[in-house]
**Student:** 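Pasting in a structure now, in structure tokens, and then I'll have a few things to ask.
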Amino acid sequence: MNEVKIARINELYHKSKNEGLSPEEAKEQKELRSEYIASVRNNLKGQLDSITVVNPDGTSRNLGMEHKKRTLH
């Protein structure tokens, strides 16, 4: 999701509050919001998959890799 699309989401939001949206604009807003939510979910998943826990004994565990292994079985 780039800054232009985020700006358009905000523009459509403000227009909806001030004067309302045409059916085409409402459809565009819905599609942009869905794309934004998918982008946020993918970013969060990437962050969670890269979490590594270091145990007191110095060993480490990559929680994302452990989760992937469990879901494949």
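As a basis for the values below, the full set of heavy atoms in this structure was taken, side chains included, without hydrogen atoms, waters or symmetry mates.
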**Student:** What residues form a side-chain hydrogen bond (donor to acceptor under 3.5 Å, both in side chains) with N2, not counting sequence neighbours?
**Tutor:**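 For N2 there are no side-chain hydrogen bond (donor to acceptor under 3.5 Å, both in side chains) partners, ignoring immediate neighbours.
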
**Student:** Side-chain heavy atoms under 4.5 Å apart, restricted to Ile/Leu/Val/Met/Phe/Trp/Tyr: what other residues fall into the cluster of I6, or is it alone?
**Tutor:** M1, I9, L12, L21, L32, Y36, V40

**Student:** With distance as the sole test, does N55 use its side chain to make a donor-acceptor pair with the main-chain N or O of D57 at under 3.5 Å?
**Tutor:**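 No, because the side chain of N55 does not come within donor-acceptor range (under 3.5 Å) of the backbone of D57.
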
**Student:** List in chain and number order the residues that pass side-chain hydrogen bond (donor to acceptor under 3.5 Å, both in side chains) with N18, two or more places apart in sequence or in another chain; answer none if no residue qualifies.
**Tutor:**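 Checked N18 against side-chain hydrogen bond (donor to acceptor under 3.5 Å, both in side chains); zero matches.
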
**Student:** So, K27 and E24, do they make that salt bridge, N to O below 4.0 Å?
**Tutor:** no

**Student:** Who passes side-chain hydrogen bond (donor to acceptor under 3.5 Å, both in side chains) against K30, sequence neighbours left out?
**Tutor:**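 Per chain and number, K30 pairs via side-chain hydrogen bond (donor to acceptor under 3.5 Å, both in side chains) with no residue.
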
**Student:** What pairs with S34 under side chain to side chain contact (heavy atoms under 4.5 Å, CB included), at least two apart in sequence or on another chain?
**Tutor:**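 Testing S34 for side chain to side chain contact (heavy atoms under 4.5 Å, CB included), a comparison that skips the adjacent residues, returns none.
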
**Student:** Just jot down the side-chain hydrogen bond (donor to acceptor under 3.5 Å, both in side chains) partners of T52, sequence neighbours excluded, or say none.
**Tutor:** none

**Student:** Pairs in or reaching into residues 43-52: which pass salt bridge (Lys or Arg N to Asp or Glu O under 4.0 Å), with residues at least two apart or in two chains?
**Tutor:**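 Pairs touching residues 43-52 that pass the test: K45-D49.
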
**Student:** Suppose the criterion is salt bridge (Lys or Arg N to Asp or Glu O under 4.0 Å): which pairs have a residue in residues 58-67, not counting sequence neighbours?
**Tutor:**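 Every pair satisfying salt bridge (Lys or Arg N to Asp or Glu O under 4.0 Å) with a residue in residues 58-67: R61-E66.
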
**Student:** Output the rest of the hydrophobic cluster of L48: all Ile, Leu, Val, Met, Phe, Trp and Tyr residues reachable through side-chain heavy-atom contacts under 4.5 Å, sorted by chain and number.
**Tutor:** L44, I51, V53, L63

**Student:** Answer yes or no: is there a side-chain heavy-atom contact under 4.5 Å between Q29 and K15?
**Tutor:** no

